[in-house]
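Notes follow the structure.
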Amino acid sequence: GQQVMQIPQYQHVQEGEDFTTYCNSSTTLSNIQWYKQRPGGHPVFLIQLVKSGEVKKQKRLTFQFGEAKKNSSLHITATQTTDVGTYFCAGLGGSNYKLTFGKGTLLTVNP
Amino acid sequence: DGGITQSPKYLFRKEGQNVTLSCEQNLNHDAMYWYRQDPGQGLRLIYYSQIVNDFQKGDIAEGYSVSREKKESFPLTVTSAQKNPTAFYLCASSTWGGYATNEKLFFGSGTQLSVL
């Protein structure tokens with residue numbers, strides 16, 4: 001079945017440093033979503049990418065969808081302590097059109 | 001105040017016991033989902049329902065059962081057949097645009113289930 005691999009599993013940064021998490025799918029995706037889960041909380045939708053090569057920005061966050069629609073990335077510029085949490089990608093694809101989540105990247109920020 | 005309500009926040013299960021987790025939404029969403037979250041494992045789909053009185057197995061349905069008698073409600077029963085039930089359970093809902101479309105998921109605050 002469809003698999004979505006996400007790396008790294010953990011990332012610790014100093015406040016002000018940049019951060020990137022990557023997702024790779026075993027199959028071509030129709031679209032990809034990104035979610036953020038704060039410690040002790042629940043996932044919250046950040047964005048959806050649909051078009052090949054699409055780039056979207058939300059303040060310090062930049063989301064990219066690969067040309068082949070099999071990979072995606074989330075980049076945070078100048079991290080802040082409020083960015084702490086686990087970031088998940090979730091891809092829609094395959095024959096069953098179900099959303100498949102990556103295992104997430106846990107970001108911790110040292111103030 | 002629209003949203004998804006899960007209860008209880010914490011639940012303990014004894015050996016051989018069935019327990020039911022509640023999920024209610026007032027977003028008027030057609031689709032509802034149950035996910036299981038284990039540390040370092042991401043979210044895995046247990047069951048989902050696109051319409052009242054219909055539901056489909058997800059990737060890890062064994063040992064679980066669901067019902068969808070009302071649009072607003074999608075309870076999950078963890079049966080005694082589920083040998084490793086300790087996990088964080090998340091309910092979600094979305095609008096449903098049919099196959100090959102996708103809508104964003106709204107999650108409840110989750111239920112932490114532990115075995116006594």
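Numbers restart at 1 for each chain; the letters A, B, ... are given by sequence-line order, proteins then strands.
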**Item:** Stepwise ring pair (Phe, Tyr, Trp, His ring centres under 6.0 Å) check, A:Phe45 with B:Phe107
**Value:** CA-CA 9 Å; A:Phe45 175 84; B:Phe107 285 88; over 10 Å; no
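- In the hydrophobic clustering of ILVMFWY residues, with side-chain heavy atoms under 4.5 Å counting as a link, B:Phe55 and B:Leu90 come out apart.
- Distance check: A:Phe101 CZ to B:Leu105 CG gives 5.0 Å after rounding to the nearest 0.5 Å.
- Only the side chain of A:Tyr35 comes within contact range of chain B, with at least one heavy atom under 4.5 Å from a heavy atom of that chain.
- Between the CG atom of A:Leu99 and the OH atom of B:Tyr48 there is a distance of 11.5 Å, given to the nearest 0.5 Å.
- Both A:Leu61 and A:Phe19 belong to a common hydrophobic cluster when Ile, Leu, Val, Met, Phe, Trp and Tyr are linked at side-chain heavy-atom distances under 4.5 angstrom.
- Atom CZ of A:Arg38 sits in a sparse spot, with 12 or fewer heavy atoms from other residues, nucleotides or ligands closer than 6.0 Å.
- Rounded to the nearest 0.5 Å, atoms NE2 (A:His42) and CD (B:Gln37) are 11.5 Å apart.
- Separating the OG1 atom in A:Thr100 from the CG atom in B:Leu45 is a distance of 8.5 Å, to the nearest 0.5 Å.
- Among A:Gly104, A:Gly40, A:Pro43, A:Gly41, the residue with the largest count of heavy-atom pairs under 4.5 Å with chain B is A:Pro43.
- Other residues, nucleotides and ligands contribute more than 12 heavy atoms inside 6.0 Å of the CD atom of A:Gln14.
- A:Leu49 and A:Tyr87 fall within the same hydrophobic cluster, defined by Ile, Leu, Val, Met, Phe, Trp and Tyr side-chain heavy atoms under 4.5 Å apart, directly or through other members.
- Looking at A:Gln37, the atoms closer than 4.5 Å to chain B (heavy atoms on both sides) all sit in the side chain, from C-beta outward.
- Looking at B:Phe88, only its side chain comes within 4.5 Å of chain A, counting heavy atoms on both sides.
- Considering only heavy atoms from C-beta on, B:Gln41 comes within 4.5 Å of A:Lys103 through its side chain.
- No continuous path of hydrophobic side-chain contacts links B:Val66 to B:Tyr33 [ILVMFWY only; heavy atoms under 4.5 Å].
- If you chain together hydrophobic residues whose side chains sit under 4.5 Å apart, B:Leu43 and A:Leu106 never meet in one group.
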